[in-house]
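In what follows, a single structure is set out as structure tokens and then discussed.
Keep in mind that what you see is a predicted model, and the values were worked out from it rather than measured. Protein chains get the first letters and strands the later ones, always in sequence-line order, with residue 1 at the start of each.
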Amino acid sequence: DIVMTQSPLSLPVTPGEPASISCRSSQSLLHDNGNHFFSWYLQKPGQSPQVLIYWASNRASGVPDRFSGSGAGTDFTLKISRVQAEDVGVYYCMQGLQTPYTFGQGTKLEIK
Amino acid sequence: EVQLVESGGVLVQPGGSLRLSCAAAGYIFSRYWMHWVRQAPGKGLVWVSRINEDGTTIDYADSVKGRFTISRDNAKNTLYLQMNSLRAEDTAVYYCARDVAGGDDYWGQGTLVTVS
């Protein structure tokens, strides 16, 4: 199975400041079609997960442009340009290249 | 508006069986892969199973293989998860999700299964 490793696991951020979460996979997530089958999700308190970024760098529909994804191969990053109070929750990375799909441990973002 | 509504989660004894349902609305159900993902209380997300558009391709996590069966009824716009030989470690919120990792991701609100 592909292992997904996130860091940090806890992220206190001051509103208006930037934030960054990293995720590393145990093998390349590059598909033959040229896309990386890698996604970022946010699970807000009491809610189901919602996709933020798919194929490593594509922002999902309705996601604010302060969220951006980058990376290739085995190393990926989610950046929030200016954190807002509504961004609190747990962020997960996930690989969908091969089954079983696997998730990172989650990064809990809190507001200072 | 896309809707995925899970149902069927209850308290069940170890060794028991349960069938979860996920009713889809607001899009053409038969055009998407569907998935089940679970989350134990206070824990992270764990992928369980997936099924392709016409039900001919199915995959499972090793932890549920041989005990769980995913299926779909495209005429009823409904996804199912038959869960047999349930264990305490199957206790979780079960989410159905559309097109996970595919760019058109959407998740339901989940249904709680408690095995005790």
Side-chain angles (χ1 to χ4, degrees), chain A residues 1-7 9-10 21 23 25 29-31 33-63 67 69 76 89-109, chain B residues 1-7 9 20 22 24 26-27 32-52 57-68 70 79 92-113:
Chain A
D1 297 0
I2 297 176
V3 177
M4 306 297 288
T5 305
Q6 282 182 239
S7 63
L9 300 185
S10 179
I21 302 171
C23 184
S25 58
L29 301 183
L30 180 62
H31 189 272
N33 67 8
N35 290 314
H36 288 82
F37 276 55
F38 176 88
S39 303
W40 286 104
Y41 294 87
L42 166 59
Q43 187 173 30
K44 296 182 178 181
Q47 296 186 19
S48 58
Q50 59 185 97
V51 64
L52 298 174
I53 303 291
Y54 64 95
W55 296 347
S57 61
N58 292 271
R59 200 178 302 114
S61 177
V63 174
F67 291 93
F76 303 90
V90 180
Y91 290 78
Y92 294 95
C93 61
M94 187 208 76
Q95 69 80 18
L97 181 67
Q98 62 182 232
T99 59
Y101 291 7
T102 44
F103 294 86
Q105 314 97 299
T107 295
K108 187 172 185 178
L109 186 149
Chain B
E1 179 192 2
V2 174
Q3 287 191 336
L4 293 173
V5 180
E6 302 93 335
S7 61
L20 305 183
C22 171
Y27 72 101
Y32 288 87
W33 286 72
M34 295 295 295
H35 301 250
W36 288 99
V37 178
R38 68 185 182 183
Q39 185 171 36
K43 302 297 185 182
L45 300 168
V46 177
W47 177 85
V48 173
S49 181
R50 71 172 183 177
I51 185 169
N52 73 335
T57 299
I58 287 173
D59 295 289
Y60 297 99
D62 284 347
S63 59
V64 306
K65 201 173 295 183
R67 300 188 300 122
F68 289 11
I70 191 172
L79 175 73
V93 174
Y94 284 74
Y95 296 102
C96 76
R98 178 188 82 174
D99 199 33
V100 172
D104 214 357
D105 242 280
Y106 190 86
W107 295 48
Q109 289 304 304
T111 187
L112 176 62
V113 173

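By the 30° and 60° cut-offs, the orientation of the rings of B:Tyr94 relative to B:Phe68 is tilted.
For chain B, the nearby parts of A:Tyr101 are the backbone and the side chain; heavy atoms of each come within less than 4.5 Å. Proximity to chain A is limited to the backbone of B:Val46, based on heavy atoms less than 4.5 angstrom apart.
The shortest distance between side-chain heavy atoms of A:Cys93 and A:Met4 falls below 4.5 Å. Counting heavy atoms from C-beta outward, A:Gln95 and A:Phe76 have side chains that stay 4.5 Å or more apart.
With values rounded to the nearest 0.5 angstrom, A:Tyr92 atom OH is found 4.5 Å from B:Gln39 atom CD.
Within residues 44-57 of chain A, the residues having any heavy atom closer than 4.5 Å to a heavy atom of chain B are A:Gln47, A:Ser48, A:Pro49, A:Val51, A:Tyr54, A:Trp55, listed by residue number.
Counting only N and O atoms by type, the side chains of A:Tyr41 and B:Asp105 include a donor and acceptor under 3.5 Å apart.
Options B:Gly44, B:Ala61, B:Gly108, B:Gly103 differ in how many heavy-atom pairs under 4.5 Å they form with chain A, and the most are formed by B:Gly103. Contact count versus chain A (heavy atoms, under 4.5 Å) is highest, among B:Ser49, B:Ala97, B:Gly102, B:Gly110, for B:Gly102. Interface summary for chain B: among A:Pro100, A:Gly96, A:Gly106, the most heavy-atom pairs under 4.5 angstrom belong to A:Pro100.
For the pair B:Ala101 and A:Met94, the tightest heavy-atom approach, listed with the atom from each and the gap, is CB-CE, 3.5 Å. Closest heavy-atom contact between B:Leu4 and B:Cys96: CB-SG, 3.7 Å.
A side-chain hydrogen bond (donor to acceptor under 3.5 Å, both in side chains) with B:His35 is found for one member of B:Trp47, B:Trp107, B:Tyr95 and no other, namely B:Trp47.
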